[in-house]
Protein chains: 2
Amino acid sequence: MTPATPAERSDAVRNRERLLAAARELISECGAEGLTMDRLAERAGVGKGTVFRRFGSRAGLMLTLLDDSESAFQARFLFGPPPLGPGAPGRERLIAFGSERIAYVVEFGDLVLAAENASRGRFDVPAAALWHRHIEVLLREAGFDSDPWLMAGSLSATLDPERLLHLVRDRGVAPERLAASWADLVTRVVKDA
Amino acid sequence: MTPATPAERSDAVRNRERLLAAARELISECGAEGLTMDRLAERAGVGKGTVFRRFGSRAGLMLTLLDDSESAFQARFLFGPPPLGPGAPGRERLIAFGSERIAYVVEFGDLVLAAENASRGRFDVPAAALWHRHIEVLLREAGFDSDPWLMAGSLSATLDPERLLHLVRDRGVAPERLAASWADLVTRVVKDA
DNA sequence: ATAATAAGCGGACCGTGGTCCGTTTAGTCT
DNA sequence: AGACTAAACGGACCACGGTCCGCTTATTAT
C-alpha cells in the first residue's frame, strides 16, 4: 500500500529537526527578531533554499514553532473543562476564551507577532479561522442573532496580538485589565438576546 | 525675526513637490503596491536618499499622500454637521463615525494599507491617537463609564483597515453590512449606562 | 548490484526598504 | 562679488525575505 503522503525522505526529516532545534536556539539567544532566515540556515548547516522548502516563509516557520502550544490551546477550549471548554454557558466560555487568548499572546509575544505576517492575509491562517468560528458558535449559543459571523470577526479583531502586546509592553497595561475589558465587552454584546 | 522653523530651502521645496507629483503618477499607473522607493526616486529625478530625507519611510510617504483627505475627515467629525459632528448624541456620533471611517478605508484602500506599517507601531500615528481619543470622548458622553479608554481601543481595533478591506475585497462583504454591524456593536456597548 | 527517478538540496541571485557619508549648493554675512 | 556654513543631495551600500535552477542523493524497481 502506498500512503497518501508518499513518506518523507530521511534526510528531509533530519534537516527539519536540525532547523527547528537551531531556530529555538537562535530565539533563546537573540529573541525572535534576531532570527533571520540566513542565520538559521547557517546555524543549521543547511542551504537557505531548504529552509524555505520546509516552512514556506518566515511566518510559516513561526507557526510551526507555535504549533504545539497552539494545539494545546485548541484542545483546551474545544474539549477541556469548563468554563473554557464545553459545559459552561456561551457567555462564560467567551469570557474565558478571551482571557486565555490574552495570556497566550502575552506569553509567546514575539513569536505570535512574527507569525502574523503570513504572505496573503493573516485571516487565512487555519488557526485564526478556527477561533473565529469558535467565537461565532458561542455567540449563537448565547442567543446573539444579528450577523454573528461579522460580530465574531469584530470580537476577534479586539484580541489582535499587535494591539494587545502594544498595550501590555509599551503602555504598561496589566493583562488582567485587558481581560476585564474583554469580559465587559462580551457581556454587553450578548446581553439580553 | 527668525521663524521657529528656519525656513525651507527652495530646492527642498521643489524636490518635495516633484516627489509628490511623481508618487501620484506612479500610483495612478501601477497602484500603491507598484510604488517602490527606488522607482519613485528615479521618476522624480532625485536621489534615493532625498526620498527618505523627506518622508522618513514608505509609510510616511503614504501618510503624506493621505494628509489632505485625512484632514478633511477630521474636520468633518470634529466640527462638521451632525450626526458626525457635534450636536448629535454620543451614540449617534459613534455610529456615524464608524460608517464614515469604513467608507474612507474602502475609498483609499491600498494607500491606507501601505500607511499602516509605520516603523514603530501603528498606534503612535497621530491620526490614530486622535480617532482613539474621539471615540473615548463619545463613549463617555454616551454614559459609558467602565474603562472607556480601553473600550475605545477595542472599538478602534474593530475598524482595522486590513480587516475591513479583507472582508470587502476577498469576502465580498458590502460596506453597508459592515456599517450595520458596527452600529449594532456600538448600540450594545453603550446600551443603558 | 545497478540503474532510474523524483525528492531534496544549496547558494547565487533578485527586489525591497532603509542607512551612510562624501559632495554640492542655497542662503547669508561681509 | 566672495567666502562661509549648514542644509540638502545622491547613490553606493546593507540586511532581509524570498525565488530559481542545476546538482546530489535516498529510495525503489529490476
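In what follows, chains carry the letters A, B, and so on, assigned in the order in which the sequence lines appear, proteins first and then strands, with residues in each chain numbered from 1.
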**OP:** Please determine, for the side chain of Lys48(B), which listed nucleotide (dA7(D), dT25(D), dG17(C)) has the closest atom?
**Re:** dG17(C)
**OP:** Could you check Gly49(B) against Asp38(B) and say which one's nearest nucleotide on DNA chain C is further toward the 5' end?
**Re:** Asp38(B)
**OP:** Nearest whole angstrom, please: distance from the C1' of dC9(C) to the CZ of Arg16(A).
**Re:** 16 Å
Original post:
Given dA8(D), dG17(D), dG17(C), which nucleotide is nearest the side-chain atoms of Met37(A)?
Top reply: dG17(D)
Subject >> side-chain N/O Arg54(A) vs dC9(C) OP1/OP2, d < 4.0 Å >> reply: yes
**OP:** Among dC9(C), dG18(D), dC9(D), find the nucleotide with the atom closest to the side chain of Asn15(B).
**Re:** dC9(D)
Original post:
Considering heavy-atom distances to DNA chain C, does Phe52(B) or Arg9(B) have its closest nucleotide positioned more toward the 5' end?
Top reply: Phe52(B)
Original post:
Could you state the CZ-P distance from Arg14(A) to dT25(D), rounded to the nearest angstrom?
Top reply: 10 Å
**OP:** When you get a sec, tell me which of dT27(D), dC9(D), dC9(C) is the closest nucleotide to the side chain of Arg53(A)?
**Re:** dC9(C)
**OP:** Measure from the side-chain heavy atoms of Thr36(B) and tell me the nearest of dA8(D), dG17(C), dG18(D).
**Re:** dG17(C)
**OP:** Select one nucleotide: of dT25(D), dG17(D), dG18(C), the one nearest the side-chain heavy atoms of Ser57(B).
**Re:** dG18(C)
Subject >> Same apolar cluster (I L V M F W Y, side chains within < 4.5 Å links), Trp149(A)/Leu94(A) >> reply: yes
**OP:** Give the rounded distance in Å between these two atoms: CD of Glu33(B) and P of dG15(C).
**Re:** 18 Å
Original post:
Is it the case that one hydrophobic cluster holds both Ile27(B) and Leu19(B), taking links as side-chain heavy atoms less than 4.5 Å apart, direct or via other members?
Top reply: yes
Original post:
Nearest of dG8(C), dG11(D), dG10(D) to any side-chain atom of Glu8(A)?
Top reply: dG8(C)
**OP:** Could you state the atom-to-atom distance from CZ of Arg39(B) to P of dG10(D) in whole Å?
**Re:** 20 Å
Original post:
Among all residues two or more places apart in sequence or in another chain, which pass the salt bridge (Lys or Arg N to Asp or Glu O under 4.0 Å) test with Glu29(B)?
Top reply: Arg43(B)
**OP:** Among dC9(C), dA26(D), dC9(D), find the nucleotide with the atom closest to the side chain of Thr50(B).
**Re:** dC9(D)
Original post:
Leu61(A) has an atom CG; how far is it from atom P of dG18(D), in whole Å?
Top reply: 10 Å
Subject >> Nucleotide of dA7(D), dA26(D), dG18(C) approaching Arg58(B) most closely (side-chain heavy atoms) >> reply: dG18(C)
Original post:
Between Ser156(B) and Ala152(B), is there a donor-acceptor pair closer than 3.5 Å when you use the side chain of the first and the backbone of the second?
Top reply: yes
Original post:
Between CD1 of Ile95(A) and CG of Leu138(A), what distance do you get to the nearest 0.5 Å?
Top reply: 11.0 Å
Subject >> Among dG17(C), dC9(C), dA26(D), the nucleotide that comes nearest once only the side chain of Ser10(A) is considered >> reply: dA26(D)
Subject >> Distance in angstrom units between Asp11(A) CG and dG8(C) P, rounded >> reply: 8 Å
